[in-house]
Peer 1: 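This is the structure, below, for whatever I ask next.
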6 protein chains.
Amino acid sequence: MRIGIYAGSFDPITYGHEDLITRSLSFVDQLVVAVATNVSKQPMFTVEERIKFIRSAVADDPRIEVREFDGLLVDLARSVGATLSIRGLRAVADFEYEFQMALMNRHLNAEMETVFMMPRLDLTYVSSSLVREIARFHGETVDLVNPIVHRALRERFPAA
Amino acid sequence: MRIGIYAGSFDPITYGHEDLITRSLSFVDQLVVAVATNVSKQPMFTVEERIKFIRSAVADDPRIEVREFDGLLVDLARSVGATLSIRGLRAVADFEYEFQMALMNRHLNAEMETVFMMPRLDLTYVSSSLVREIARFHGETVDLVNPIVHRALRERFPAA
Amino acid sequence: MRIGIYAGSFDPITYGHEDLITRSLSFVDQLVVAVATNVSKQPMFTVEERIKFIRSAVADDPRIEVREFDGLLVDLARSVGATLSIRGLRAVADFEYEFQMALMNRHLNAEMETVFMMPRLDLTYVSSSLVREIARFHGETVDLVNPIVHRALRERFPAA
Amino acid sequence: MRIGIYAGSFDPITYGHEDLITRSLSFVDQLVVAVATNVSKQPMFTVEERIKFIRSAVADDPRIEVREFDGLLVDLARSVGATLSIRGLRAVADFEYEFQMALMNRHLNAEMETVFMMPRLDLTYVSSSLVREIARFHGETVDLVNPIVHRALRERFPAA
Amino acid sequence: MRIGIYAGSFDPITYGHEDLITRSLSFVDQLVVAVATNVSKQPMFTVEERIKFIRSAVADDPRIEVREFDGLLVDLARSVGATLSIRGLRAVADFEYEFQMALMNRHLNAEMETVFMMPRLDLTYVSSSLVREIARFHGETVDLVNPIVHRALRERFPAA
Amino acid sequence: MRIGIYAGSFDPITYGHEDLITRSLSFVDQLVVAVATNVSKQPMFTVEERIKFIRSAVADDPRIEVREFDGLLVDLARSVGATLSIRGLRAVADFEYEFQMALMNRHLNAEMETVFMMPRLDLTYVSSSLVREIARFHGETVDLVNPIVHRALRERFPAA
């Protein structure tokens, strides 16, 4: 059984993340969605909220486990038996950072392989940080995030 | 009448920004220079100072309106009737960030088009953040920013 | 009156090119679509065919003039009175090449400004060379090029 | 059963290619190594030679099928039942070209997913074209390609 | 006598930095390793610790002087008589930032030339910030930094 | 004595090349300018002409030797005792290609180090191939190449 891991801060999960989750299920049997608690900047949503959003997005798919993690990705991979780290690539800047991380992770754990995938083209410009900024100024996010996240953003930034 | 918008934090305006303003006037009839108040990092100059610097740089050109803005660029564009967002491109890193923003803005407002321009070659390495850093250590900024900004930087960081 | 110029080999014109033409008409009054005859590689279509395809794509829009050109873009710009060169940007590789060309063109003719635009997102991966390759192997090009080009490609590469 | 496809011109196969083949076997059950016959430039080795080199490199691994192909990758994928296209990424330039190809392939066949992998770090600078150039001038290729290719290169370019 | 300068925050020095120091000694007679005290973010190690680590790494090589600096690189270069600034290049993102800095430095001091070098390939993914992050989670850093830094990281982040 | 090598096809030498030669003399004692004879594409000028142009550009500087070479750069470096290969970097695309070549050269000859330099900013867009194209269409090259090359281009492409 191939176990993949998809790690991030998911603050909040976007349709871009959901697309990657769906795509990765075409070649892993089980996927661990790992929500980083140690994000350097102050997150907009608590780790509990972020996990709740992901769970509601992926519904009750038995192949997906959502959990928090605090530490090195390679250590989590070892503890859950994952051999693949799934990463989305949208732009050159992504690529360089991801390349460096993947090389370092390979150095730290030669058993874990990193594979990169492209999100759906019309989601390439969607990122959690842009979603947060749009929501802050009451811009429309209905087609960028799923309904539960959309409602949470509306509540967080109620129109005057 | 074509109205363009050139948004940024302008902290402070550099000769690179002034060059873009001049160039864009060759294909818009009116240009709104929009000074972002909601910059995440603490700016060096207040929004009032930044606006004053821009106004003195563009003098009394009746085609240019300088104003602050707080919110989404697409909302400002709608409210002032602008159909073009002008962006400078200096490097690949700029390009990727600008591409993502332009795609998101097009998604939020299909009526606003983003056009990219190159600054004068010898201004490609000038940025507000570099100018601030040079001024902090009393380096020479006389050929990077206009005289009023130059004086303001000198006053802010008087030589011992 | 602002006259723009959009130059290329258009071998053949794709929906990506047509999108750029439409977008550029939002800020130029007249657009010269200039078909390069001196392409280094053997083109798939003659310059006459390429011009015919473009004319049928832009129909009878009086703001658009389609013509061949052989020489330097800056010389053509001078002779037709164009002050803007319109270029599409899809990727970093585009950006660097275009940047170099724009700098050289500015050096050769300071009166001509180059502005860059993004094509519609779902056309970013469409290029004439990819279209030719797909057609050569009877792949589907119906949503990449307009009907007259589509038929010409079918005739050029009839299915066995 | 997951079937992957790894296509290229392999002129000749390098240790970089072999590394990708090994890595991809960690998440596909079967791998089709597809040797393009329609390479635009004159290849150094015939398609028969190139296939022979690959077969000897992967020995008798029953999970690997080596075959030539002439046409669109998506058509080959359909005919062999492959749902994953495996691509190596070494540099930004690779990334952009691969991104465009992957988007076009997704457009032509939504069932085939493209996944990207990094070769072993010390093989990132190895490419078939560099190997050919080094061999042409009798440079050492013993640690860049496997022994059978190494001997073939020596025979092709005998030292004076 | 050619004097080079290699400036950075060295928080802490990695084997990547040490590799650059060694390489640069092949074409400068004297190298000033300049430790920036004015790093914007809170450093992990004090400037005294960072200098001590570098000194112990380069041992008693009489060609190397380690010192702190606070200000503009070009001013330091003038005061120590250095005519070359040595910079490592690992990735495209490095390149763009370094290019901008080098152009600005050339503008501020035409006598100082910037030369770029590549670190050893297997050190390209090593950076001080990654080392700090790995150490924080008790990952292995023994082959990324020299023994004295390794011990200091262990002491800073003792395993539970 | 430090010997550097600056290799290229120099078809023809531009002011960008000359700038690099001057800059590199600030840290090598002797510079071998190596003109590649085995350029894949048909050169515009013969190797004799290209060498003549370089010699007239660098005049009688005793520190510079101009010679042709046919083979691997690392072999030439060994035979002339050069330990540094000088390369100009203008853009990201340059960087990636140069990086790959430098890694391969380091692999083939660990004694030769590659150092990268930036040309003068206003020469970053000048390349031999652009110069040839401009000359072909009688564009002005007087500020891109030195007078002897300028005359040769004029003779090669006489105005009608």
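Bear in mind that the values here come from a model prediction, so they are computed numbers and not experimental data. Below, all heavy atoms of this structure are taken into account, side chains as well, without hydrogens, waters or symmetry copies. Naming convention: chains lettered A, B, ... in sequence-line order (proteins, then strands); numbering from 1 in each chain.
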Peer 1: Apply the test side chain to side chain contact (heavy atoms under 4.5 Å, CB included) to residues B:Gln100 and A:Arg90: give CA-CA distance (whole Å), side-chain angles for both, the deciding distance (0.1 Å), then the verdict.
Peer 2: CA-CA 10 Å; B:Gln100 188 190 21; A:Arg90 293 173 305 180; 4.2 Å; yes
Peer 1: Decide yes or no on side chain to side chain contact (heavy atoms under 4.5 Å, CB included) for A:His138 and B:Leu72, but give the supporting numbers first.
Peer 2: CA-CA 9 Å; A:His138 313 112; B:Leu72 296 178; over 6 Å; no
Peer 1: Given a strict heavy-atom distance threshold of 4.5 Å, which part of B:Asp75 is in contact with chain A: side chain, backbone, both, or neither?
Peer 2: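 Only the side chain of B:Asp75 comes within 4.5 Å of chain A.
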Peer 1: Going by side chain to side chain contact (heavy atoms under 4.5 Å, CB included), A:Phe137 matches just one of B:Asp70, B:Val74, B:Leu73. Which one?
Peer 2: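 Exactly one candidate clears the test, B:Asp70.
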Peer 1: Name the region of B:Leu108, side chain, backbone, both or neither, that has any atom closer than 4.5 Å to a heavy atom of chain A.
Peer 2: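 Just the side chain, heavy atoms under 4.5 Å.
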Peer 1: With a sphere of 6.0 Å drawn around CZ of B:Arg156, does it hold more than 12 non-hydrogen atoms of other residues, nucleotides or ligands?
Peer 2: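 Atom CZ in B:Arg156 is crowded, with more than 12 foreign heavy atoms closer than 6.0 Å.
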Peer 1: Can you tell me which portion of A:Leu144 sits under 4.5 Å from chain B's heavy atoms? Options are side chain, backbone, both or neither.
Peer 2: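 For A:Leu144, the side chain is the part near chain B, not the backbone.
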Peer 1: Could you look at A:Asp143 and say if it's the side chain, the backbone, both or neither that has a heavy atom under 4.5 Å from chain B?
Peer 2: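 The side chain, not the backbone.
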Peer 1: First locate atom CE of B:Met101, then atom CD of A:Glu133, and finally report the distance between them rounded to the nearest 0.5 Å.
Peer 2: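 Between atom CE of B:Met101 and atom CD of A:Glu133 there are 6.0 Å.
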Peer 1: Should the heavy atoms of other residues, nucleotides or ligands under 6.0 Å from CG of A:Asp60 be counted, would the total exceed 12?
Peer 2: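 No, the 6.0 Å shell around CG holds no more than 12 heavy atoms from other groups.
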Peer 1: Between atom NE2 of B:His107 and atom CD1 of A:Ile134, what is the distance when rounded to the nearest 0.5 Å?
Peer 2: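 Rounded to the nearest 0.5 Å, the NE2-CD1 separation comes out at 7.0 Å.
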